[in-house]
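All remarks here apply to the structure that follows.
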Amino acid sequence: DFKNNYKGNSIFLSHLADSLCHGQTQDEPDFEKIRKQYVPEYMFDWRYVDDPKIGVKSWKNYGKIKIDSNMFQKIRNLGSTSIGASEPFYLKRSWLFSYIIHRFGKRGHENPTITVDKNNIFEDSYNKFIKTKDLIISRPLKIKFVNEKEEDEEGIYREWYSCMFKEIISPKLRLFMYNPYPCCEQNTLLFYPKYPGMKFEYYVFIGKLIVKAIVDLIPIRSMKLNRVLLKAILNRPINLDDIKYYNLDLYQKLKYINDNQILGNPQFQQIRFIWNIKNQQNLIQEIEIVPGGKNIFLNDNNKFSFIDKVIYTEVVKPYADHIKSIQKGLHSIFKGELEGKFSVEELNFLISGQDIIDINDWKENTIYKGSYNANHPVIKMFWQKIGSLNKKEIIQFLRFSTGSSSVPIDGFGSLKGVGGKIQKFTIEPYTNYSAENPDVYKFHKIEAKRCHHTIILPMYQSKQELDKAINIILNDVK
């Protein structure tokens, strides 16, 4: 009865119902221990608001919300609460935390291990995943690369994510392509046009990977989906204003029809309910956008219907199978709840994360070991050097030290380590000096233990020596 009555209400209750029905829940998890090990100390209060500096909406952080024991209790109770699209973003994201709480609190399952060939990473990962149940998406996953030493478990995990999505958007797979049209938002991804033999089951797999990245709090910077794709995936209607993010030329043509009177305007006299599209053979084909469209002329009464039909024909219909497949992957875990809770901007933010790397947040969430502390001369020189780097160089150093080129939505305080536990960025000194060779630090490079988000920083005696060591890293990462 519990399963039948409550399973559909939320992800948390759904999995709890399954656990009870299959006898997998042994005793009450230690939720306070879970909070300290797996949940960040705070979350950012991100809001999508008007930015007067650039004249459009953008994401702005309104401060930190501390996740103490009381807040954690509220988050855990969200599983039985109905949260709508109008709720604050941090509250909707808390629902995700309630799911994560369940994932780590659940007993009776080992974290799965997947061994993949790095030279054939997408196909091999796909073949391994389709042989497993969807539970693998909702649990910490251990990745091994064929013929590589297992020295950096968490670094390999993030590298797998990076390599996977780099492969997914590569031209050779013909799954996605960068938007070739002039538009208001550059470098966004569209689906690759349908062709004979296209494997739509790949999009189901990609949908599951997107879910897993969201659950693992690993933003995928390269996965910048176009706005019209996100709206279609969320089953939201695509309107005329959305088209400027897809194709400005098309937007301007339809906008002109929308804003002007048709009667008496010679420019509109020959327009009928037909449209030119490219077929699967890449040839231009004229089609009717409504039955009998070649005999229906544009007028002031049907022009809005014409615009809607063109949008559907141009943007939705060609990608219907792509959309259906990627939705199937998303629903394998969240059962459609993403659609009801998150806006297009919020889903995009969850997938690709924030573009800005806040150096102050990085410093505030750094742990120092050994003789190092925030006021140590070497540490001061280190942060001075990091602060002088440009955005690209900061991303390169971040990749070197953590294995990832991006930061979670809630900043450096929510960096995850081995097994999904919170693992803050750490700096420790190089201590393998000897009396016979006290100047060895001059020849020792900065090392990284990516699984622990740790760098081993020698005690350089001058800023020039430290700058040189970091520059070597930046060149190596390139």
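This structure is a prediction, so every number in the text was calculated from the model and none was measured.
For Y312, there are no ring pair (Phe, Tyr, Trp, His ring centres under 6.0 Å) partners, not counting sequence neighbours. Scanning for side-chain contact (heavy atoms from CB on, under 4.5 Å) contacts around P408 gives S414, L415, with sequence neighbours left out. F304 meets the side-chain contact (heavy atoms from CB on, under 4.5 Å) test with N258; sequence neighbours excluded. Partners of Q327 under the side-chain hydrogen bond (donor to acceptor under 3.5 Å, both in side chains) rule, at least two apart in sequence or in another chain, are N235. By the side-chain hydrogen bond (donor to acceptor under 3.5 Å, both in side chains) test, Y126 pairs with no residue at all, sequence neighbours left out. Judged as a side-chain hydrogen bond (donor to acceptor under 3.5 Å, both in side chains), and not counting sequence neighbours, the contacts of Q267 are Y256. In this structure F425 satisfies the ring pair (Phe, Tyr, Trp, His ring centres under 6.0 Å) test together with W362, sequence neighbours excluded. Residues passing the ring pair (Phe, Tyr, Trp, His ring centres under 6.0 Å) test with F200 are H322, sequence neighbours excluded. Under the side-chain hydrogen bond (donor to acceptor under 3.5 Å, both in side chains) criterion, K424 pairs with E41, N365, not counting sequence neighbours.
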Ring pair (Phe, Tyr, Trp, His ring centres under 6.0 Å) assessment of F44 paired with Y90: CA-CA 7 Å; F44 288 158; Y90 82 85; over 10 Å; no
Derivation of the side chain to side chain contact (heavy atoms under 4.5 Å, CB included) call for D358 and N61: CA-CA 11 Å; D358 189 334; N61 179 14; over 6 Å; no
Residue pair S125, W160: steps toward the side chain to side chain contact (heavy atoms under 4.5 Å, CB included) verdict: CA-CA 10 Å; S125 297; W160 173 76; 3.0 Å; yes
Evaluation steps, salt bridge (charged side-chain N to carboxylate O under 4.0 Å, His left out), between D51 and K60: CA-CA 9 Å; D51 189 336; K60 183 178 179 180; over 6 Å; no
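A448 approaches S401 most closely through the heavy-atom pair CB-CA, 4.1 Å. Closest approach of I311 and N239 over heavy atoms only: CD1-C, 3.9 Å. Of all heavy-atom pairs spanning V407 and Q354, the tightest one is O-CG, 4.2 Å. Nearest heavy-atom pair, L389 versus L474, reported as atom, atom and distance to 0.1 Å: CD2-CD1, 4.0 Å.
Under a cut-off of 6.0 angstrom, the local environment of NZ in K309 is sparse, with at most 12 non-hydrogen atoms contributed by other residues, nucleotides or ligands. Few gaps surround CG on D259; more than 12 heavy atoms of other groups in view lie less than 6.0 Å from it.
Checked for salt-bridge contact, D50 and K57 miss the test: no charged N lies under 4.0 Å from a carboxylate O. We find that D124 and K128 are joined by a salt bridge, their nearest charged nitrogen and carboxylate oxygen being less than 4.0 Å apart. The residues D242 and K231 are annotated as salt-bridged, a charged nitrogen and a carboxylate oxygen being separated by less than 4.0 angstrom.
Taking the six-membered ring where the residue is Trp, the centroids of Y203 and F176 are separated by under 6.0 Å. Annotation: F349 is in aromatic contact with W46 [ring centroid separation under 6.0 Å].
A donor atom on one side chain and an acceptor atom on the other are found under 3.5 Å apart for E314 and W275.
In this structure, Q285 and I287 have side chains that are in contact, with non-hydrogen atoms separated by less than 4.5 Å. Using a 4.5 Å heavy-atom threshold, the side chains of I233 and L330 count as touching. Side chains of L229 and I326 form no contact here, defined as non-hydrogen atoms less than 4.5 Å apart. Contact annotation: the side chain of R221 approaches that of I395 to within less than 4.5 Å [non-hydrogen atoms, C-beta and beyond]. Within the 4.5 Å cutoff, the side chain of I168 has heavy atoms near those of the L209 side chain. By the 4.5 Å heavy-atom criterion applied to side chains, E345 and R227 are counted as neighbours. Side-chain contact between I271 and F297 is absent, with no heavy atoms from C-beta onward closer than 4.5 Å. Between I67 and M43 there is a side-chain heavy-atom pair separated by less than 4.5 Å.
Proximity of a side-chain donor or acceptor of E393 to a complementary backbone N or O of N390 within less than 3.5 Å is detected. Although no hydrogens or angles enter the test, the distance criterion places no donor-acceptor pair under 3.5 Å between the side chain of N276 and the main chain of I284. The backbone N or O of F400 lies less than 3.5 Å from a partner atom in the side chain of R450, making a donor-acceptor pair.
Between atom OG of residue S352 and atom CE of residue M223 there is a gap of 10.0 Å, rounded to the nearest 0.5 Å. The line from CG of L173 to NZ of K199 is 10.0 Å long, rounded to the nearest 0.5 Å. The distance from the OG atom of S406 to the CG atom of L398 is 7.5 Å, given to the nearest 0.5 Å. Summarising the geometry, atom CG belonging to N179 is positioned 7.5 Å from atom CE belonging to M177; distances are rounded to the nearest 0.5 Å. Interatomic distance, CD1 of I220 versus OG of S162, reported as 7.5 Å (0.5 Å rounding). Atoms OG and CD, on S405 and Q396 in that order, are 10.5 Å from each other to the nearest 0.5 Å.
Note on ring orientation: taking the six-membered ring where Trp is involved, the planes of F89 and F342 are perpendicular (angle over 60°, cut-offs 30° and 60°).
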Which donor-acceptor pairs under 3.5 Å do the side chains of residues 114-123 make with protein atoms, sequence neighbours left out?
residue	atom	partner	partner atom	Å
D117	OD1	N119	N	3.0
K118	NZ	E159	OE2	2.4
E123	OE1	Y202	OH	2.4
E123	OE2	Y202	OH	3.2

Pair up each side-chain donor or acceptor in residues 180-192 with any protein partner under 3.5 Å, not counting sequence neighbours, and list the distances.
residue	atom	partner	partner atom	Å
Q186	NE2	C183	O	2.8
T188	OG1	N226	ND2	2.9

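Of the candidates K341, R93, K92, K92 is the only one forming a side chain to side chain donor-acceptor pair (under 3.5 Å) with E346.
Pairs passing the side-chain hydrogen bond (donor to acceptor under 3.5 Å, both in side chains) check and including a residue from residues 288-305, sequence neighbours excluded, do not occur.
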